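Okay, so here's the structure we're looking at.
Keep in mind that this is a model prediction, so the values were computed, not measured. Numbers here simply count residues along the sequence, with the first being 1.
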Amino acid sequence: MENFSDLIRNRRSMRKFTDEELTQDQVLTLLKAALMAPSSKRSNCWQFIVVDDKDTLEKLSFCKESGAAFVKDAALAIVVTADPLASDVWIEDASIASIMIQLQAEDLGLGSCWVQVRERFTANGTPANEYIHELLDLPLQLQVLSVIAIGHKGMERKPFDDSHLQWEKVHINKFGGK
């Protein structure tokens, strides 16, 4: 990307991936972005589980009743977890790390999509967090916020169109202020 504005305009959720694997350098760059994410009081309460095993990716794709099937076709998934005992704003910290991973993926020319896990359920009603805990053998104290599916883009998506910006949602000095 030439600049940050282009990066955020071009970053779109990608749910179709090619079969091409990621390089070790690409994975390392993605993880560096995650580990550089800001956190409250520099608590670094997050932890990341990198999944590239195809069987595990397929099992991860069942972590929600809908909206996660594409994970099985990703080259990689990064499961973003955090420890609520280490920070009362673990959700915010893990969210920032999740978007840092996605922005880094776009900067590398890769596609990504966020799978919401917190407060979601599998098709049989099991909390998605519990399903992933069992699948990945996570420590009890960690909570799963998201799964970021990453891979080479399997389709073209148009950049975000500025004409669709909802300026009516911006208020100056007070709600309704113009």
Nearest heavy-atom contact between Val71 and Ala149 is CG2-CB, 4.2 Å
Give the cluster check for Val147 versus Tyr131: same hydrophobic cluster or not, with ILVMFWY residues linked at side-chain heavy-atom distances below 4.5 Å. yes
Would you check if the side chain of His152 reaches a backbone N or O of Leu110 as a donor-acceptor pair within less than 3.5 Å? no
Scan side-chain atoms only and decide if Ser98 and Ser146 contain a donor-acceptor pair under the 3.5 Å cut-off. yes
ILVMFWY network linking Trp46 to Leu76, side-chain heavy atoms under 4.5 angstrom: yes
Check whether the side chains of Gln116 and Trp114 place a donor and an acceptor atom closer than 3.5 Å, and report yes or no. yes
Partners of Lys153 by salt bridge (charged side-chain N to carboxylate O under 4.0 Å, His left out), sequence neighbours excluded? Glu106
Quick check: does any side chain N or O of Ser43 sit under 3.5 Å from a backbone N or O of Ser40, one acting as donor and the other as acceptor? yes
Is the closest side-chain donor-acceptor distance between Gln102 and Ser112 under 3.5 Å? yes
If you round to the nearest 0.5 Å, how far is CD of Gln24 from CD of Glu21? 13.0 Å
From CD (Gln104) to CG (Leu31), nearest 0.5 Å: 10.0 Å
Taking the side chain as every heavy atom from C-beta outward, state whether Arg118 and Asn129 have any atom pair closer than 4.5 Å. no
Taking atom NZ of Lys32 as the centre, report whether more than 12 heavy atoms of other residues, nucleotides or ligands fall under 6.0 Å from it. no
Indicate, with yes or no, if Leu7 and Ile101 share a hydrophobic cluster defined by side-chain heavy-atom contacts under 4.5 Å among Ile, Leu, Val, Met, Phe, Trp and Tyr. no
Indicate yes or no: at least one non-hydrogen side-chain atom of Thr81 is less than 4.5 angstrom from one of Ile132. no
Do Leu57 and Val50 share a hydrophobic cluster, counting only Ile, Leu, Val, Met, Phe, Trp and Tyr and linking them when any side-chain heavy atoms are less than 4.5 Å apart? no
Heavy-atom closest pair (Gln26 atom, Leu108 atom, distance to 0.1 Å) is O-CD1, 3.8 Å
Calculate, to the nearest 0.5 Å, the distance between atoms NZ and NZ belonging to Lys59 and Lys72 respectively. 15.5 Å
Atom CZ of Phe121 and atom NZ of Lys64: how far apart are they, to the nearest 0.5 Å? 11.5 Å
Please indicate whether Gln141 has more than 12 foreign heavy atoms, meaning atoms of other residues, nucleotides or ligands, lying under 6.0 Å from its CD. yes
Leu165 versus Val170: any side-chain heavy-atom pair under 4.5 Å? no
Answer yes or no: is there a donor N or O on one side and an acceptor on the other, between the side chain of Asp93 and the main chain of Ala82, under 3.5 Å? no
Do you know the tightest heavy-atom contact between Met100 and Ala37? CG-CB, 4.0 Å
Is it the case that over 12 heavy atoms from other parts of the model lie below 6.0 angstrom from the CG atom of Asp161? yes
Are Ile78 and Ile150 close enough that some pair of their side-chain heavy atoms sits under 4.5 Å apart? yes
Mind checking the CD1-CG spacing from Ile49 to Asp137? Nearest 0.5 Å is all I need. 10.5 Å
Non-neighbouring partners of Asn44 that pass side chain to side chain donor-acceptor pair (under 3.5 Å), sequence neighbours left out: Ser39, Arg42
Applying salt bridge (charged side-chain N to carboxylate O under 4.0 Å, His left out), can you list everything that pairs with Asp162, at least two apart in sequence or on another chain? Arg9
With hydrophobic residues grouped by side-chain heavy-atom distances under 4.5 Å, do Val79 and Phe62 end up in a single group? yes
Asn10 side, atom CG; Arg157 side, atom CZ - distance, nearest 0.5 Å: 11.5 Å
For a quick test of reading the model, state the closest non-hydrogen atom pair linking Ala128 to Cys63 and the distance between them. CB-O, 3.1 Å
With distance as the sole test, does His133 use its side chain to make a donor-acceptor pair with the main-chain N or O of Gln143 at under 3.5 Å? no
Are any of the side-chain heavy atoms of Phe70 and Cys113 separated by less than 4.5 Å? yes
Quick one: does any side-chain atom of Thr126 pair with a main-chain N or O of Thr122 as donor and acceptor, under 3.5 Å? no
Least distance between heavy atoms, Leu60 atom then Ala77 atom: CD1-CB, 4.1 Å
Can you tell me if Asp83 and Gln47 form a side-chain donor-acceptor pair at under 3.5 Å? no
Within a radius of less than 6.0 Å around CD of Glu168, do more than 12 heavy atoms belonging to other residues, nucleotides or ligands occur? yes
Regarding Thr23 and Asp25, is there a side-chain donor-to-acceptor distance under 3.5 Å anywhere? no
If every non-hydrogen atom of Asp73 is compared with every non-hydrogen atom of Phe17, which pair is closest and at what distance? O-CB, 3.5 Å
